[in-house]
Amino acid sequence: MKKIIAIAAILLVLAPALFAQAAQETQFPDPEKSFTIVVGFSAGGGTDLIFREFAECLKEVSGADFIITNIPGGSSATGTNELLNGEADGYTLLGSGTHTVSATLQGTTAGFTELDYVAALNWDPFVICVQKDSPYNSFEELVAAAKANPGKIVLGNAGQTGATGVASIGINLNCDKSFNVTAFNGGAELIPAVLGGHCDAGIFSQSECINNIDGLKPLVILTPARSILAQLADVPTLKEAGFDFTVPGGSFRSLSVKKGTPQKAIDWLADMSEKAFNTERFQTYMKTKGLIPYFLKTKDYAEYDQTLIDSYTPILKEAGLYKFGN
Amino acid sequence: MDFFMQGLSQVANIQTILWMAIGSVLGIILGALPGLTATMGIALVMPISFHLPTATGMGLLLAVYCGAVSGASIPAILLGIPGNPNAIATVEDGLKMTKKGKAGQALGGAVVASFIGGIGSLLCLVFFSPLIAKATLAFGPAEKTTLALVGLVIIASVSGKSVLKGLFMGALGMALSLIGTDSFSGALRIPFASILGHTPLTKGLDLTSSLIGLYGISQVLLSAEHLTKPAAEIPDVKIDHIFPSFRKVCSMWKIILASLGIGTIIGAIPGTGASIAVFMAHDTARTITNASNGKLEELGTGCLEGVFAPEVANNAVTGGALIPALSLGIPGDSATAVLIGALMVKGVNPGFQLFSQNMSLVYAIFITMFIANLFMAVFQLAGVRLYPKILKVPEKILMPLVLMLSFIGAYAIAGQATSVGIFNMGVALAMGILGYFCKKNGYPFSPLVLGLILGSMFEENFRRAVKLAGGNYMTFFTKPICIVFIAFAVFSVVFPIIRSRKKASK
């Protein structure tokens with residue numbers, strides 16, 4: 001009797017998994033299933049908002065349901081690992097990008113070595129801002145203050161191993177390591193910390209900066225060219241501000257899936273991403289947020305990602321954070 | 001006004017109203033069933049809310065919350081068994097009223113009181129949370145660290161008979177919150193890392209599953225000890241004269257205002273909750289009636305005053321607990337902790353950003369809170385003769401249902417991630433067993449829950465605050481807000497100890 005109950009219980013637990021397997025072989029996508037996009041940052045931050053908008057557009061063009069799951073921590077490593085622990089069935093996607101490259105090179109996740117590329121979306125330039133009432137009116141003044149008093153001026157980022165983290169380390173290396181570089185859990189935590197005067201300066205994405213422009217003073221933009229947004233058009237680039245070095249000056253957003261996902265599923269997702277990317281809604285969204293469109297599909301994106309990896313590697317090595325492959 | 005209209009437009013649709021009606025009835029039923037708490041009710045419907053628009057989902061959860069807090073009074077009045085801790089203090093006078101044949105008046109009075117409490121605290125919420133949200137910028141990592149400390153210490157010192165047991169459980173909760181991944185370096189922080197490092201446990205214990213286990217499964221295990229016991233006999237009472245007279249309600253204005261204030265303030269302090277507020281309100285009402293020169297009836301004799309005070313207070317806690325939850329992202333009690341979790345899933349980060357960029361949603365939440373209270377009153381009054389019948393369902397039918405719903409709830413939270421769902425069920429089961437032994441041995445587990453919730457917040461902000469201060473641990477003693485909080489925390493541990501020493505020496 002007990003055995004029968006035990007077997008029945010096991011079958012009951014396994015049944016959904018069995019059915020899922022069968023359905024997956026016949027068609028993709030299964031209309032009964034919804035898609036999950038894992039975002040490795042808290043809800044409400046810059047990365048999160050972009051993927052939420054994109055998920056809405058994906059819903060529109062595909063008719064399928066796309067849900068965002070926020071798994072913050074470890075500068076996106078926690079969420080990435082969570083995805084890698086799951087099934088390679090194409091129903092769970094990763095909101096990947098420069099933060100994934102960075103976390104992988106720092107050895108906190110198997111990251112891109114275990115991912116298949118779906119589509120690249122856009123670049124979001126970084127801006128260094130201080131609070132509106134801050135005594136520093138230019139990046140030069142901020143750096144001078146840091147050098148005069150090493151370790152006293154705090155430069156906050158949205159996660160040590162993420163893209164803003166790497167940019168802040170890159171800057172610090174070029175400023176005699178005089179900043180106190182402190183990591184926050186996503187932009188959503190960094191913004192109030194800078195606005196409230198708990199953190200002297202912060203590296204923000206453009207969209208985060210504009211959303212809070214009333215309380216912030218942008219000092220410098222980290223991309224080679226100035227912003228395409230009217231509100232930030234006056235903000236000088238690093239070079240214009242008198243600094244002759246470059247850092248990875250933005251965050252790049254893309255979609256990936258776990259390695260081993262059926263090619264059919266990847267192709268379907270890439271096609272849908274292309275359609276969603278080209279909707280008027282997403283195009284307008286990118287324009288108003290100042291995001292620089294950069295759409296690439298599967299293989300093209302894989303090649304491009306290699307160039308990102310190559311640009312991150314030297315900075316991380318110099319900062320002593322490079323732990324790739326051990 | 002613009003935001004109000006935008007908020008209204010998110011709520012004014014048939015889908016929202018229907019879901020909220022369902023949530024309200026469900027909440028009342030869950031609240032009325034002994035052992036099932038508001039927290040558990042919210043946790044069980046949370047997976048449904050993921051698939052609804054944000055405002056609708058929040059409406060559903062708030063309807064369950066308000067209903068469950070108010071519904072707990074039904075068994076408290078009829079049987080003398082509180083449906084959940086919200087109604088502990090309602091038992092004394094409620095049961096006596098039933099014995100006097102005034103069950104209808106007590107049940108009706110409890111609903112009216114809950115409605116007054118809910119709406120009154122909602123007004124406080126509407127008024128205070130935008131102010132607090134503006135003040136949140138003063139809350140940096142150091143201030144948040146000490147606020148989390150206050151919450152942990154208060155709950156530890158008030159929730160049990162022994163401060164030491166409370167502190168121990170709080171510390172255990174914090175220790176459990178450390179499981180997972182280091183949020184700064186991304187390094188694994190888990191026992192048996194070579195095995196568990198490849199499981200969903202790397203993300204830490206799932207909070208909702210833990211709560212479902214602690215509140216739901218532990219209750220099932222406890223009841224399993226006496227499953228053969230027949231359901232409680234419902235005294236065959238006549239339920240009439242449901243509405244208290246307007247004059248009677250007016251005569252209690254002092255009690256109502258005092259209970260409203262106590263409920264809202266206690267609710268707003270992280271770590272405290274309804275079970276503290278209701279006793280305080282009851283005590284205060286006793287003082288008021290004693291001073292009324294016989295105009296009000298004496299508490300403990302089976303009077304409406306003794307039902308009104310705790311019932312106003314427990315529903316006032318709902319609005320109060322949402323104040324820090326929405327404005328700072330810090331839950332006032334375990335039920336609001338689950339609400340915050342549901343908001344985050346929807347991409348809404350409570351705190352500064354919610355108020356600075358999504359004011360229309362804030363208003364939508366306020367409006368649904370109003371509807372939740374309205375529905376709670378309407379449905380509980382309409383079914384005042386029906387709900388007592390629920391109590392006749394024997395435990396041997398009810399408890400297996402709860403067990404099943406608990407597992408389904410824990411599994412469903414994970415959405416499509418089936419392996420995570422399976423792990424959540426394991427977490428719920430483990431926490432259920434832990435909760436069972438805690439209950440058996442008199443260890444209060446609300447400090448454990450608060451430790452789980454506030455532990456990671458404490459840790460992250462502590463490390464960040466020290467880093468911001470360039471490695472100086474004394475930074476917590478240099479900021480005025482921090483000093484106030486630390487003093488408050490020390491006081492709340494030392495005071496009960498001194499008091500019990502004094503009692504012992506007498």
Side-chain angles (χ1 to χ4, degrees), chain A residues 13 16-17 20 33-36 38 42-45 48-49 52 65 67-79 81-83 85-87 89 91-92 103 106-109 151-152 154 156 159-161 180 182-186 188-189 191-193 195-199 211-212 215, chain B residues 50-51 135-144 180-188 197-200 202-204 329 343-354 356-358 407 411 414-423 425 456 460-461 463-471 479:
Chain A
V13 170
K33 284 193 163 188
S34 49
F35 292 86
T36 306
V38 176
S42 324
D48 176 70
L49 291 176
R52 280 183 191 273
D65 197 16
I67 301 168
I68 301 284
T69 308
N70 296 86
I71 307 175
S75 302
S76 86
T78 312
N81 287 330
E82 174 65 22
L83 174 109
N85 283 330
E87 301 278 325
D89 58 3
Y91 289 99
T92 316
Q106 295 182 52
T108 53
T109 169
K152 287 286 175 215
V154 180
Q160 193 75 6
T161 54
N180 174 359
T182 300
F184 286 76
N185 207 351
E189 279 192 16
I191 292 163
L195 289 177
H198 305 281
C199 177
N211 284 341
N212 297 282
Chain B
F50 294 171
H51 300 277
T136 49
L137 291 183
F139 279 71
E143 285 83 1
K144 283 187 188 158
T181 310
D182 186 301
S183 56
F184 287 84
S185 66
L188 275 182
H198 300 284
T199 66
T202 48
K203 201 175 86 180
L343 269 178
M344 306 266 268
V345 169
K346 281 294 181 184
V348 180
N349 224 351
F352 173 73
Q353 286 219 309
L354 176 61
S356 68
Q357 276 156 44
N358 210 343
F407 280 124
Y411 182 82
Q416 300 292 316
T418 46
S419 61
V420 180
I422 304 272
F423 259 86
M425 285 159 62
S456 50
E460 270 185 34
N461 282 299
R463 291 169 67 178
R464 197 169 289 133
V466 172
K467 181 80 169 63
L468 282 180
K479 296 172 198 280

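The structure presented is a predicted model; accordingly, all values stated were derived computationally and were not measured. Lettering follows sequence order; numbering is per chain, from 1. The figures here come from the full heavy-atom set of this structure, side chains too, leaving out hydrogens, waters and symmetry mates.
- Interface residue A:Leu195: backbone and side-chain heavy atoms are both found under 4.5 Å from chain B.
- Listed by chain and residue number, A:Asn180, A:Thr182, A:Cys199, A:Asp200, B:Leu468 satisfy the side-chain contact (heavy atoms from CB on, under 4.5 Å) test with A:Val154 (two or more places apart in sequence, or in another chain).
- If you tally non-hydrogen atom pairs under 4.5 Å between each of A:Gly215, A:Gly197, A:Ala183, A:Gly151 and chain B, the highest count goes to A:Ala183.
- Using a 4.5 Å heavy-atom cutoff, the side chains of B:Pro141 and A:Phe184 are in contact.
- Going from atom NE2 of A:His198 over to atom NZ of B:Lys144 covers 8.0 Å, rounded to the nearest 0.5 Å.
- Put simply, of B:Asn358, B:Leu354, B:Leu137, the one with the most heavy-atom pairs under 4.5 Å next to chain A is B:Leu137.
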